[in-house]
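Report on the structure given below.
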Amino acid sequence: MENRTYTADAAPGDTVTVAGWVHEIRDLGGIAFLILRDTTGKIQVKFEKDEMDDDLVETGLNVQRESVISVTGDIEEEPRAPTGVEVTPESVDVISEADPELPLDPSGKVDAELPTRLDNRTLDLRKDEVKAIFEIRAEVLRSVREAFRDLNCTEINTPKIVATGTEGGTELFPITYFGQEAFMNQSPQLFKQLMVGSGLERVFEIGPIFRAEEHNTPRHLNEATSIDFESAFYDHTEAMDACEHVVQSAYEGVAENCQDELEALGLEDEFAAPEGDFPRLTYEEALDKINATGELDEPLVWGDDLSTEAEHVLGQEVGEHYFITDWPSEIKPFYIKDHDDDEEISTGFDMMHPSMELVSGGQREHRFDHLVEGFEQQGLDPEAFEYYTKMFKYGMPPHAGWGLGGERLIMTMLGLENIREAVLFPRDRQRLSP
Ligand code: ATP
Ligand code: AMO
C-alpha cells in the first residue's frame with residue numbers, strides 16, 4: 001500500500017497512514033479510542049466526538065472488531081496511550097469489514113481450545129503469543145541453515161514421492177502414481193546417502209516427511225519437518241558433534257534475535273541455550289540408569305527399545321540434552337553400520353531432550369556386500385532398492401548423518417504441550433484441512 005506507515009515507526013509530528021486490524025474499541029462517552037494492530041504493534045486512534053466530523057466518528061466507532069481499516073492522521077505524543085503516541089484521524093477507510101461473530105477471540109480475552117484454534121489459524125495467529133511461535137520457528141530454520149553453512153554443507157532437495165519406504169513398512173502412506181504404487185517419503189535417508197557419494201560430499205535438507213503413525217499423541221505428526229544431515233568421511237562421533245552445533249545454534253539464534261517473541265511467550269527469564277557437550281551414554285548405561293530408579297514395572301533388558309515412560313525416567317535422571325549411543329544392531333535400521341569389533345552393537349545414536357527423542361543418526365553401512373546382507377536380514381527385498389544399492393558399487397565413501405525433528409525441536413525449546421502448536425496447519429489422524 002502506497003504511503004503506508006507501520007505503527008512502530010509512527011513518530012510525533014508525522015502525518016501517517018496506518019493500516020491493520022481493529023483490535024479494540026473503547027468508547028468512554030465524549031471520547032473514544034480505537035486500537036489498531038499491525039505486524040509491528042498497536043497504536044491508539046483518538047476520536048473526540050464533539051470536535052470531529054460525525055461521519056468520521058460513525059465510521060471509526062461502528063466498525064466491527066478485527067476488520068481491516070486504514071487511518072490517516074497526525075501523530076501526537078500522549079503518555080496515557082499504550083505506546084506513548086496516538087493518531088488523531090482525518091480519514092478512516094474500512095477496507096475489509098469483519099463478521100461480528102468471530103470463531104475465536106484474537107485479543108485472547110476468551111480462551112479457545114486447540115482444535116478451534118487450528119481450524120481458524122489466521123485469527124489464531126493474530127495473537128502475539130501464537131505469532132511468536134512461528135517467528136521463532138523461522139529464526140530456528142534461519143539459524144540452522146547458518147550452522148550448516150559453518151559446517152560447509154550444501155542444501156539439497158530430494159523427492160517426496162518415492163518408490164520405497166525406509167523407516168519401517170507400516171508407517172507408509174501409499175499413493176497412486178500413474179497406475180503404479182508409490183509412497184509419500186518417510187525420510188530423505190537414501191537420497192542424502194546417495195549424495196555423499198557424489199561430488200557434494202556433505203549435505204543437508206530441511207523438508208517434509210510423511211508417516212502414517214498409528215498413534216494420536218502430543219508429539220507425533222503425520223506430516224513433519226525433518227532437518228537432515230549427511231557427510232562423507234564422517235564417523236558417528238563426528239556426526240554427533242555436528243548435531244550439537246546445529247541444535248545449539250538454533251537456541252543461540254532465538255536467544256539473540258527473538259527477545260520480544262520470548263517475552264510474548266513469558267519465557268524471557270528461563271530461556272537458555274544448552275551448554276557445552278551433551279553427555280553421551282551408551283545404550284547399556286542408559287538401561288542401567290533407568291533400571292536403577294526402579295520406576296518401571298518391568299526392568300529393561302538388552303534389545304528392548306525405550307518406551308515413552310523409559311525416556312521420561314531417563315530424561316529426569318540426566319536433566320539436559322544427551323545422546324544414547326551403541327544401540328543393539330537388531331533394533332536399528334539396515335543402513336546403520338555395526339561396530340567393526342562387535343556386530344551386535346551398532347554405531348546408531350539418538351539425541352534426546354529430557355522429555356523426548358529429537359534426533360536419530362549413525363554411521364552408515366557403505367560396504368556393498370554388507371548392505372545387501374542387511375536388507376535380507378530385515379526381510380527387505382534388495383531388488384526394490386537397487387537404485388540405491390548399485391551406487392555402493394561405484395565408490396561410496398564411509399559416511400554418517402542424522403535426522404532432527406524440526407517441530408520437536410521447537411516444541412521442546414518453548415515447552416509447548418502439543419507438537420501441533422509448532423505447525424501452522426498440522427496433519428494428524430483427524431485433520432486433513434485446513
Ligand atoms: P482529557 O484528559 O484528554 O481532557 P477528557 O477528560 O476530555 O480527557 P474523558 O472522557 O473524561 O475525557 O476521559 C475518560 C478517560 O480517558 C479518563 O480516564 C482519561 O484519563 C482517559 N483519557 C483521556 N484521553 C486519553 C488519551 N489520549 N489516552 C489515554 N487515555 C485517555
Ligand atoms: P527417525 O525415524 O528417528 O530417523 O526420525 C528422526 C526424527 O524425526 C522426528 N520425527 C517425527 N516428528 C514428529 N512426528 C513424527 N511422526 C516423527 N517421526 C520422526 C523425531 C525423530 O527423532 N532416517 C533417520 C534419520 C537418520 O538416521 O539420519 C530417521 O528418519 O524427532
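All ligand and atom numbering here is 1-based and tracks the order in the structure. Just so it is clear, the structure is predicted and the values come from calculations on it, not from any experiment.
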Gln363 side chain near Ile336 side chain, heavy-atom distance below 4.5 Å: no
Note, Leu194 side chain near Thr158 side chain (heavy atom, < 4.5 Å): no
Which residues share a ring-ring contact (aromatic ring centres under 6.0 Å, His included) with [X], sequence neighbours left out:
X: His353; answer: His321
X: His339; answer: His236
X: Phe385; answer: Phe334, Phe375

Parallel, tilted or perpendicular: rings of Tyr234 and Phe229 (30°, 60°): tilted
Set of residues that line ligand 2, where lining means a heavy atom lies under 4.0 Å from it: Glu167, Ser187, Gln189, Lys192, Arg211, Glu213, Arg219, His220, Leu221, Ala224, Tyr335, Glu357, Leu358, Val359, Ser360, Gly361, Arg364, Trp402, Gly403, Gly405, Arg408, Ile419
